[in-house]
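Any value given below was found using the heavy atoms of this structure, including those in side chains, with hydrogens, waters and symmetry copies removed.
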2 protein chains.
Amino acid sequence: MYSTVMSTSERLIEATRELLWERGYVGTSPKAIQQQAGAGQGSMYHHFAGKPDLALAAIRRTTEEMRAAAEATFADGRTAHERISAYLLRERDVLRGCPVGRLTMDPEIIASAELRAPVDETLDWLRHRLAGIVQEGLDQGEFAPSVVPDEIAAAVVATVQGGYVLARASGSPDAFDAGVRGLLSLLAPPPNSH
Amino acid sequence: MYSTVMSTSERLIEATRELLWERGYVGTSPKAIQQQAGAGQGSMYHHFAGKPDLALAAIRRTTEEMRAAAEATFADGRTAHERISAYLLRERDVLRGCPVGRLTMDPEIIASAELRAPVDETLDWLRHRLAGIVQEGLDQGEFAPSVVPDEIAAAVVATVQGGYVLARASGSPDAFDAGVRGLLSLLAPPPNSH
DNA sequence: GTCTATAGCAGGATAGAC
DNA sequence: GTCTATCCTGCTATAGAC
């Protein structure tokens with residue numbers, strides 16, 4: 001249930017976002033959405049064509065938020081290493097998992113080009129954005145010349161996404177933090193580099 | 001459908017393993033299992049108490065296989081770096097995702113201590129096993145002294161698990177491979193180390 | 001061991017009144 | 001715009017015959 005300052009359509013989208021995050025697409029039913037949104041059956045089908053349509057609206061909003069959150073962390077550092085650190089170390093609700101990455105495990109999301117597109121585009125954008133930052137660091141001599149920006153970017157995003165898996169398996173964020181620290185330690189400029 | 005050389009109970013377990021991998025726990029119904037196994041309703045409930053019981057048997061077998069597969073790769077190298085490389089570079093059905101890691105995104109698996117336990121124990125075992133290998137490499141002077149075994153182990157497993165996410169999002173194994181190469185490049189002994 | 005029958009409930013959606 | 005009624009199918013399981 002949400003406060004009445006939100007329109008019914010807004011509440012439906014927010015409810016869907018919550019449920020997709022927690023239970024995935026397959027595990028989320030229209031009835032559950034309606035209950036969480038405090039909206040009736042008729043209301044939902046008035047505003048949205050059905051479950052896929054509503055899910056698409058929810059996924060689009062979630063991916064937009066993810067981009068904004070990532071972009072915000074990139075402003076937090078001067079050097080490439082600082083900006084990547086800021087991204088990796090930013091506060092996360094680790095045990096809830098990634099609301100975007102989670103969707104990739106859903107067979108019906110993957111099977112639908114429309115539903116998969118925002119997920120794909122967002123993770124792709126993130127990798128390219130990170131690769132650009134790595135390239136800048138490379139240009140500044142911050143990293144070993146053997147570093148390949150696309151590969152480091154993929155490793156950074158994968159460490160985060162995989163960190164969620166380890167954390168949820170163990171019921172503790174420790175493994176997430178350990179993975180991030182491990183990657184950052186490998187990426188750290190050698191002590192003799194200045 | 002499976003060949004008749006397998007017992008009904010075996011076919012039920014194998015069918016459940018396939019469906020859990022592809023659709024997760026929430027997305028897998030007893031009826032789907034029965035159809036895939038070529039078994040009737042009564043058969044399933046004769047051999048297993050219900051969906052959770054059958055899932056537990058399937059998960060246990062899948063986690064056992066995962067351990068054996070990982071252990072096999074660790075025999076493939078002499079140095080720590082070689083053994084970690086072998087683990088990371090081993091052939092995988094990347095677009096299908098990890099049959100164990102996938103389960104962590106399932107709310108009903110996480111909510112059940114019994115179902116989560118084998119998943120947790122297996123990923124935990126893998127991290128400890130890798131940490132031991134990193135420690136050996138550290139003892140041999142293979143890695144920088146700043147390397148922390150537990151952290152590198154977590155980063156290795158997370159890169160694999162997250163690589164699956166990136167691959168499935170994009171519909172291509174490329175991002176998985178890139179992440180793995182990125183991590184390995186950072187872990188590579190410096191060229192002047194010999 | 002396997003089969004069919006049955007049950008109660010939820011999923012996903014449509015229809016039409018208000 | 002929202003509500004209630006209704007629909008058909010599938011989920012998860014139990015019962016009891018064979």
Side-chain angles (χ1 to χ4, degrees), chain A residues 1-59 103 105-112 114-115, chain B residues 1-59 103 105-112 114-115:
Chain A
M1 290 280 186
Y2 299 96
S3 82
T4 52
V5 301
M6 282 165 75
S7 69
T8 299
S9 141
E10 277 301 302
R11 294 200 317 274
L12 284 164
I13 292 177
E14 288 305 312
T16 306
R17 298 212 305 146
E18 294 286 329
L19 288 166
L20 285 183
W21 193 356
E22 193 176 319
R23 304 192 45 85
Y25 184 84
V26 166
T28 296
S29 72
K31 174 179 278 192
I33 293 170
Q34 293 150 24
Q35 287 174 342
Q36 171 111 359
Q41 191 95 319
S43 240
M44 179 186 136
Y45 284 99
H46 172 76
H47 291 286
F48 299 95
K51 178 176 160 176
D53 185 39
L54 183 44
L56 183 57
I59 292 171
L103 301 171
M105 294 303 142
D106 230 298
E108 308 204 4
I109 300 269
I110 294 303
S112 156
E114 269 209 295
L115 293 177
Chain B
M1 289 283 185
Y2 300 94
S3 83
T4 51
V5 301
M6 284 166 74
S7 69
T8 299
S9 143
E10 276 302 301
R11 294 201 317 274
L12 284 164
I13 291 177
E14 288 305 312
T16 305
R17 298 210 309 144
E18 295 286 330
L19 288 166
L20 285 182
W21 192 358
E22 193 177 318
R23 305 193 44 86
Y25 184 85
V26 166
T28 296
S29 70
K31 174 179 279 194
I33 293 170
Q34 293 150 25
Q35 287 173 343
Q36 171 110 2
Q41 191 93 319
S43 242
M44 178 185 138
Y45 285 99
H46 171 75
H47 291 287
F48 299 94
K51 179 175 160 176
D53 185 38
L54 182 44
L56 183 57
I59 291 172
L103 302 171
M105 293 304 141
D106 229 298
E108 308 203 4
I109 301 268
I110 295 302
S112 155
E114 267 209 298
L115 293 177

| said: Tell me whether E108(B) at atom CD has more than 12 heavy atoms from other residues, nucleotides or ligands lying less than 6.0 Å away. | reply: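 Yes - once you tally the heavy atoms of other residues, nucleotides and ligands closer than 6.0 Å, there are more than 12.
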
| query | Just wondering, more than 12 heavy atoms not from E114(B) lying within 6.0 Å of its CD? | reply |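 At most 12 heavy atoms, drawn from other residues, nucleotides or ligands, come within 6.0 Å of this atom.
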
| To the nearest Å, how far apart are L54(B) CG and dA13(D) C1'? |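 In whole Å, dA13(D) C1' lies 14 Å from L54(B) CG.
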
List the atom pairs, donor and acceptor, that lie under 3.5 Å between side-chain atoms in residues 24-33 of chain A and the rest of the protein, sequence neighbours left out.
from   : atom 1 : to     : atom 2 : distance (Å)
T28(A) : OG1    : L19(A) : O      : 3.2
T28(A) : OG1    : G24(A) : O      : 2.6
S29(A) : OG     : A32(A) : N      : 3.1

| task | With side-chain contact (heavy atoms from CB on, under 4.5 Å) as the test, would you mind laying out the steps for I13(B) and F48(B) before giving the verdict? | result | CA-CA 10 Å; I13(B) 291 177; F48(B) 299 94; 3.6 Å; yes

| request: For nucleotides 2-18 of chain C, just jot down a letter per nucleotide in 5' to 3' order: B, S or -, based on protein non-hydrogen atoms under 4.0 Å. | output: BBB------SSBB----

| message | Checking Q36(B) against E18(B): is there a side-chain donor and acceptor pair closer than 3.5 Å? | response |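 Note: E18(B) and Q36(B) side chains miss the donor-acceptor criterion.
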
